[in-house]
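Before any comments, here is the structure.
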Amino acid sequence: MIVSINEETLQDIINLETGVLAPLTGFMGEADFDSVVSRYRLANGAVFPLPVTLDVPQAQFDEILPGDRVILEFAGAPVAELEAESRFYLHEPDLAAIFRTSENTHPGVRKERGRSPCRIGGRVQLTDMALLQGALKPAETKAAFAQRGWKTVVGFQTRNPIHRAHEHIQRIGLEICDGLFINPIIGWKKAGDFTQEAVMAAYNRMVSDFYPKDRVYIAGLKTQMRYAGPREAVFHAIIRRNLGCTHFIIGRDHAGVGGYYGPYDAHALARELEPDMGIRLLLTREPYYCKRCGQIVTDKHCAHYQTDRVEISGTIIRKYIHDGYMPDEIMLRQEILDAILHCGQIFLP
Ligand SMILES: [Zn+2]
């Protein structure tokens with residue numbers, strides 16, 4: 001049996017192969033899927049908050065039996081093999097449990113509804129090893145951290161060029177840990193967002209002009225955004241643990257979308273699961289510029305949230321630059337803005 005897969009599934013397979021998605025070694029079967037959906041853990045109890053599943057068309061699903069070897073094909077070429085162990089359906093109530101909403105306007109819900117509900121679980125093995133080229137590998141990041149002598153490393157997740165609010169949080173991380181691992185999610189394509197080139201140019205400038213070079217490591221991770229809010233925040237932490245981080249920053253509305261999640265829902269779930277996650281979490285509140293305090297603060301150490309707050313976010317900065325306005329220096333450093341504006345392509349088409 002040959003099953004065609006899309007690019008996102010291929011990316012999952014690459015991340016399974018490298019160990020980024022450890023302890024998973026394949027696509028989830030029914031027992032793991034049900035357990036993940038209902039209690040954020042694999043059937044064996046290990047924390048894993050999001051399903052990683054293989055969808056196949058109904059006609060092929062009907063023919064695949066447990067024990068079958070399935071060839072996974074991408075763009076007409078075989079790339080991996082799956083040993084089918086479990087077959088099950090994704091049901092509507094699963095979507096509501098995963099995303100905390102069943103509205104079709106939620107991008108994660110909409111994407112899942114666009115996939116076949118027929119899922120095949122089982123161990124998967126990449127067969128086209130050339131696909132590992134350029135992939136972020138835990139063995140490499142761990143070696144890089146060790147080579148720098150870092151005993152503690154804080155991971156930072158982003159999709160945007162660095163602004164002053166992110167800088168504030170990263171400095172807190174670096175105050176606590178030996179090293180900062182800036183790990184942008186790349187390889188996904190949402191029109192109007194900053195290009196990978198713009199994100200990397202901004203960070204390279206930040207490191208060359210402001211951060212101590214021996215305390216920062218930057219590398220992109222290819223994986224899809226799943227927009228699952230609190231679950232995805234914990235997922236992001238698990239991935240960074242696998243890459244060798246000892247700490248991970250979860251900010252306000254981490255991996256959220258629209259207004260589907262409360263600003264600190266992700267903190268609540270993370271707090272609950274942290275004891276079993278194998279990584280320490282830095283749960284940071286929303287940094288903003290306070291006109292009264294005259295610096296970047298959070299509501300934890302500034303009393304003027306209601307009266308003197310200037311909001312800073314990737315969304316606002318994106319809109320400013322897109323519309324031809326220059327963001328104020330209290331939001332974005334001039335050097336970073338220059339680096340972004342020098343990119344061939346700033347936004348995804
Ligand atoms: Zn203040």
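Values below: all heavy atoms of this structure, side chains included; hydrogens, waters and symmetry mates excluded. Counting starts at 1 for both ligands and their atoms, following the listed order. For clarity, every value in this text was computed on a predicted model and none was experimentally measured.
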- prompt: Are Asn242 and Leu21 close enough, and set up right, to give a side chain to side chain contact (heavy atoms under 4.5 Å, CB included), and what steps lead you there?
  reply: CA-CA 7 Å; Asn242 293 340; Leu21 296 176; 5.5 Å; no
- line: Across all chains, not counting sequence neighbours, the side chain to side chain donor-acceptor pair (under 3.5 Å) partners of Arg280 are none
message: Tell me whether Gln58 at atom CD has more than 12 heavy atoms from other residues, nucleotides or ligands lying less than 6.0 Å away.
response: yes
Distance below 2.8 Å from the Zn ion (ligand 1): protein N/O/S atoms: Cys290 SG, Cys293 SG, Cys302 SG, His304 ND1
- line: Here the gap from Gln170 atom CD to Ile162 atom CD1, rounded to the nearest 0.5 Å, amounts to 4.0 Å
query: If you measure from the Lys or Arg side-chain nitrogens to the Asp or Glu carboxylate oxygens, is any gap between Arg119 and Glu112 under 4.0 Å?
result: yes
field: Polar side-chain atom of Ser35 near backbone of Arg41 as donor-acceptor pair, under 3.5 Å
entry: yes
